[in-house]
Amino acid sequence: MPQVVRPGPGPEDADVRRAWERFAAGDDALSGIRPEIAVSWHRCRDQYGVDPLISEAPAAVTEVVHTLEHDVVIAELGFRAGPIAHELSGEGGIVTIADASGRVLAQWGDEATRALAAEANLAQWYCWSESSVGTNGMGTALASHTPVTVRGAEHWCGAFQDWNCTGVSVRDAVSRQPVAVLNISCWRRELPRSAQGWLGTAASATQRILRQRARGDGTELIAAVNHARSSTTAPLAGVDPAGRVVVADDTAGVLLGIPGSTPAPDPAVRWRPELPEFIRAARYAAGQAGRDAGWTGSTQILTRLSREPMTISFRPVFLAGHLVGNVVSFGVSEGEPLPASTDAPDAPAAPQTPPRRLVAARENRMVLLRLAEVAFAQSDGNDVWLTTDEGQMRSASLGLDRLESELNGAGFLRVHRQFVVNLSRIREVERREKGELVLVMDDPAETVVPVSRRNIPTVRRALEL
């Protein structure tokens, strides 16, 4: 690739700039770079392939359909942005709101700074997602669950390195997907010390609207399950669009491995079954119901009690035209069959090529691992632990499903709901007396990894057994 040169004068951040130049040219060393920036740079270079030489943002082409409650959130952010812009008037800063795709919806602040921003298309209807323009306050905040500050040379594209920016996303209380992002930018000036405080206050107040709405949705879903119970003897559960259980009767609770008859309308405490197949089916059902209010469907899953698949059906529940979830009936087949692959329509697409490195955290450092150094990955809730030649490390990827997607085509295989293994690091395959299959890995501890019954044929094919 051509030599990357940062144009024009700007903040003196020589060490970061040199690291950026080396990394953009292909070097993997990232000494001295903040972990959140290092992870973002890896996404920009290895996953998105963003050209660090682009000088302006593209026009937004992705049309995001905003639900009514999300439109309310965006309007509330606009209301909150006004006082922030007033506070920034003497600081030369601007405030920007973008939607979940990174499309800029509105902007306020210093007119001279807005004119400079327009030269880079930091303006209404242009896209500032990470996949479009690399590391920046808005795009990186959309990819993160915490507020993000990007200073000078930490921007992935050299043309934007005269800017300092800080952003915070507002996320749906149920799905945890971003709804919008609020951002402050300054050109060749330090951000005000109170900038993150302003944004945090605005985001928290706006997030509260979504949490209150989600609690009401949970109550409505519980009522729908109670109503359905009067006309069926089948075990029932109410599941939200993210696949978390709001309520389950005693039998359904046992099948899902969660407490029965313990309602959880608050999205912060809903039950998450350790059944990835069930969660994927619930998310798919929510996507279908969101497009067709009359949709019902059914599929088969393995439950906690049986080695044989059980049929479950989904019936959507709406409140004022807004989908709040599905009533799930166990042992009942209704509606159209769900396809064999039930990834949610809005699930992140797998990268076109597997990553060259995996990013892991150890203490306060980010470690870049070659794929061959990783024996297997194991989930612990949302955390994923990598067993490597240097011991256990926490993966930067949130959730085993996401890591599995990132490693698609790289010689890794999901063998169990909690394990993804490096096929080249399997030392032995052991069949046990009841037909179970286990893998003995070649890590120092010779860890034994179980293979779920439904994955045995896939493992056999992959290992040519």
Side-chain angles (χ1 to χ4, degrees), residues 57 59-60 62 64-130 132-133 135-151 155 160 163-173 177-213:
T62 302
V64 176
V65 179
H66 301 146
T67 62
L68 177 60
E69 69 271 22
H70 290 178
D71 283 337
V72 171
V73 164
I74 291 170
E76 178 70 14
L77 280 179
F79 170 74
R80 300 280 173 180
I84 298 175
H86 179 73
E87 295 283 349
L88 279 172
S89 60
E91 304 282 350
I94 56 176
V95 184
T96 306
I97 294 174
D99 66 15
S101 72
R103 177 180 57 173
V104 175
L105 301 177
Q107 188 183 89
W108 302 266
D110 180 74
E111 290 300 325
T113 307
R114 292 184 67 189
L116 290 166
E119 295 177 6
N121 287 342
L122 179 52
Q124 204 170 11
W125 311 127
Y126 288 93
C127 184
W128 283 82
S129 66
E130 257 193 0
S132 296
V133 295
T135 307
N136 72 93
M138 282 181 287
T140 305
L142 286 170
S144 173
H145 286 258
T146 58
V148 169
T149 296
V150 181
R151 303 182 184 94
H155 287 81
F160 308 144
W163 291 90
N164 292 312
C165 52
T166 184
V168 61
S169 63
V170 174
R171 293 179 172 269
D172 186 272
Q177 293 299 309
V179 176
V181 60
L182 187 63
N183 181 79
I184 292 174
S185 301
C186 292
W187 189 74
R188 294 188 179 177
R189 303 177 83 168
E190 290 296 322
L191 292 161
R193 291 184 179 180
S194 51
Q196 277 208 352
W198 294 337
L199 295 185
T201 299
S204 296
T206 308
Q207 195 86 50
R208 200 173 299 123
I209 296 173
L210 290 172
R211 286 198 297 269
Q212 291 169 348
R213 177 64 179 264

All N/O donor-acceptor pairs, side-chain side in residues 195-202, below 3.5 Å, sequence neighbours left out:
from: Q196; atom 1: NE2; to: T149; atom 2: OG1; distance (Å): 2.7
from: Q196; atom 1: NE2; to: T166; atom 2: OG1; distance (Å): 3.3
from: T201; atom 1: OG1; to: G197; atom 2: O; distance (Å): 3.0

Residues 117-125, side-chain donor-acceptor partners within the protein, below 3.5 Å, at least two apart:
from: N121; atom 1: ND2; to: A57; atom 2: O; distance (Å): 2.8
from: Q124; atom 1: NE2; to: L105; atom 2: O; distance (Å): 2.7

For residues 78-86, which side-chain donor-acceptor pairs fall under 3.5 Å, sequence neighbours excluded?
from: R80; atom 1: NE; to: E76; atom 2: OE2; distance (Å): 2.9
from: R80; atom 1: NH2; to: E76; atom 2: OE2; distance (Å): 3.2

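Here CD of Q177 is found 10.5 Å from OG of S169. Values are rounded to the nearest 0.5 Å. The distance from the OG1 atom of T206 to the CZ atom of R171 is 14.5 Å, given to the nearest 0.5 Å.
The two residues L142 and P178 have their closest heavy-atom pair at CD2-CB, 3.6 Å. Here the closest heavy-atom approach between residue R211 and residue S204 is recorded as NH2-O, 4.4 Å. Across A60 and R103, no two heavy atoms sit closer than the pair CB-CG, 3.5 Å. Contact record, C127 with S101: SG-O, 3.4 Å, taken as the closest heavy-atom pair.
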- Yes or no on side chain to side chain contact (heavy atoms under 4.5 Å, CB included) for V104 and W128, after CA distance, side-chain angles and deciding distance? CA-CA 7 Å; V104 175; W128 283 82; 3.8 Å; yes
- Message: R114 vs Q107, test: side chain to side chain donor-acceptor pair (under 3.5 Å). Steps then yes/no.
- Response: CA-CA 8 Å; R114 292 184 67 189; Q107 188 183 89; 3.1 Å; yes
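Residues D110 and W187 form no side-chain contact, since every pair of their non-hydrogen atoms from C-beta on lies 4.5 Å or further apart. Looking at L77 and V170, their side chains come closer than 4.5 Å, going by heavy atoms from C-beta outward. No side-chain heavy atom of V168 sits less than 4.5 Å from a side-chain heavy atom of V148. Counting only heavy atoms from C-beta outward, the side chains of R151 and C165 never approach each other to under 4.5 Å. Between N183 and M138, some side-chain heavy-atom pair lies under the 4.5 Å cut-off. Contact of the I97 side chain with the W108 side chain is registered, since non-hydrogen atoms from C-beta on lie closer than 4.5 Å. Looking at L88 and P192, their side chains come closer than 4.5 Å, going by heavy atoms from C-beta outward.
Judged purely by atom type and a 3.5 angstrom limit, S185 has no side-chain atom pairing as donor or acceptor with the backbone of I94. Using a distance-only test at 3.5 Å, with no hydrogens or angles considered, a donor-acceptor pair links the side chain of S144 to the main chain of T146. At least one donor-acceptor pair under 3.5 Å links the side chain of T113 to the backbone N or O of G92. No side-chain donor-acceptor contact under 3.5 Å links N164 to the backbone of R188.
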